[in-house]
Amino acid sequence: MKFFIQAGAILGLLGVALGAFGAHALKNMLEATGRGDTFETAVKYQFYHAFALVLVGLLMHTFGNNPTIVKLLNWAGYSFLGGVIIFSGSLYILCFTGITWLGAITPIGGLAMIIGWALVLWAFV
């Protein structure tokens, strides 16, 4: 549970830093390459799932006496983390390098995030 709270805090911290860096230092480069919206999407989804990871950690603490809930939340947390790495990570790499084939793996990260949310739901039905 502590791991997911820490991971969420790190992703949130990096989201603020990357968002500010993109809005200021990278603004001209992102506009010139037409990747401003892509970068913003990467930051936005990173932030959403930073909060989701903190929530997962808190829920694991709250329901720590229920092994089924904790197990499903653990899977959800790893799905969120993997999803951010693949989804946002591939979009960041696309923005910085222009390697377009990475767009093919971005949906895998999105699917991992969807699975994470489904696992949170499953934990409480």
Side-chain angles (χ1 to χ4, degrees):
M1 73 189 92
K2 184 177 175 183
F3 170 75
F4 293 125
I5 294 171
Q6 292 170 334
I10 290 168
L11 288 178
L13 179 149
L14 290 174
V16 172
L18 287 168
F21 190 61
H24 299 289
L26 299 177
K27 183 177 181 179
N28 292 336
M29 185 272 294
L30 291 170
E31 287 177 354
T33 60
R35 300 278 188 216
D37 288 343
T38 303
F39 190 83
E40 186 176 326
T41 298
V43 172
K44 188 178 354 179
Y45 277 83
Q46 179 176 330
F47 259 118
Y48 294 155
H49 292 86
F51 290 125
L53 282 165
V54 171
L55 175 65
V56 163
L58 294 173
L59 288 171
M60 288 175 81
H61 177 73
T62 302
F63 294 94
N65 60 343
N66 186 321
T68 302
I69 290 175
V70 170
K71 181 178 173 182
L72 290 167
L73 290 173
N74 191 53
W75 289 347
Y78 283 112
S79 292
F80 289 147
L81 187 56
V84 169
I85 291 168
I86 296 169
F87 183 87
S88 295
S90 66
L91 293 180
Y92 291 136
I93 292 170
L94 172 66
C95 290
F96 294 131
T97 67
I99 300 173
T100 56
W101 66 264
L102 285 171
I105 66 165
T106 304
I108 296 168
L111 180 61
M113 291 184 222
I114 291 167
I115 290 169
W117 287 111
L119 288 165
V120 171
L121 175 62
W122 186 12
F124 293 99
V125 290

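The model shown is predicted, which means the values in this text are computed figures rather than measured ones.
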**Message:** Just checking Phe96: does its CZ atom have more than 12 heavy atoms from other residues, nucleotides or ligands closer to it than 6.0 angstrom?
**Reply:** yes
Distance col, row Leu72:CG vs Phe124:CZ, nearest 0.5 angstrom, shows 9.0 Å
Heavy-atom nearest pair, Ile86 first then Gly109, reads CG2-N, 3.5 Å
The reported gap from CD1 in Ile99 to CD1 in Ile93 (rounded to nearest 0.5 angstrom) is 7.0 Å
**Asked** Are Phe4 and Phe80 near enough that their ring centres are under 6.0 Å apart?
**Response** no
- Query: Do Leu73 and Val70 share a hydrophobic cluster (ILVMFWY, side-chain heavy atoms under 4.5 Å, transitive)?
  - Reply: yes
- Item | Val16 side chain reached by Phe47 side chain, heavy atoms, under 4.5 Å | yes
Original post:
Can you get from Leu26 to Leu91 by hopping between Ile, Leu, Val, Met, Phe, Trp and Tyr side chains that sit under 4.5 Å apart?
Top reply: no
Between the CG atom in Leu18 and the OH atom in Tyr92, the distance rounded to the nearest 0.5 Å is 4.5 Å
| message | Below 30° counts as parallel, above 60° as perpendicular, anything between as tilted: where do the rings of Tyr48 and Tyr45 land? | response | perpendicular
When hydrophobic residues are tied together by side-chain contacts of less than 4.5 Å, even through go-betweens, does Leu58 share a cluster with Trp75?
-> no
Heavy-atom nearest pair, Gly22 first then Leu30, reads O-CD1, 3.8 Å
Subject >> Connected via hydrophobic side-chain network under 4.5 Å: Val120 and Leu81 >> reply: yes
Closest non-hydrogen atoms of Gly116 and Ala76, given as atom of the first, atom of the second and distance, are O-CB, 3.4 Å
Is the backbone N or O of Leu11 less than 3.5 Å from a side-chain atom of Gln46, with the two atoms forming a donor-acceptor pair by type? yes
(request) Would you check, one step at a time, whether the test side chain to side chain contact (heavy atoms under 4.5 Å, CB included) holds for His49 with Trp117? (result) CA-CA 10 Å; His49 292 86; Trp117 287 111; 3.1 Å; yes
Members sharing Ile10's hydrophobic cluster, built from side-chain contacts under 4.5 Å between Ile, Leu, Val, Met, Phe, Trp and Tyr, are Leu13, Leu14
Closest heavy-atom pair, Ile69 versus Ala123, reported as atoms and distance to 0.1 Å, is CG1-O, 3.2 Å
Scanning both residues in full, the closest heavy-atom pair of Ile115 with Ser79 reads CG2-OG, 3.8 Å
Rounded to the nearest 0.5 angstrom, the CZ-OG1 distance for Arg35 and Thr41 is 11.5 Å
Rounding to 0.5 Å, atoms CZ (Phe87) and CD1 (Ile114) come to a distance of 9.5 Å
Report yes or no: does Ser88 contribute a side-chain atom to a donor-acceptor pair with the main-chain N or O of Ile85 at less than 3.5 Å? no
task: Flag yes if Leu111 and Val84 sit in one hydrophobic cluster, no otherwise; membership is Ile, Leu, Val, Met, Phe, Trp, Tyr, and two members link when side-chain heavy atoms are under 4.5 Å apart.
output: no
On a heavy-atom basis, the closest approach of Gly12 and Ala50 is N-CB, 3.5 Å
When rounded to the nearest 0.5 Å, the distance separating CH2 of Trp122 from NZ of Lys71 is 8.5 Å
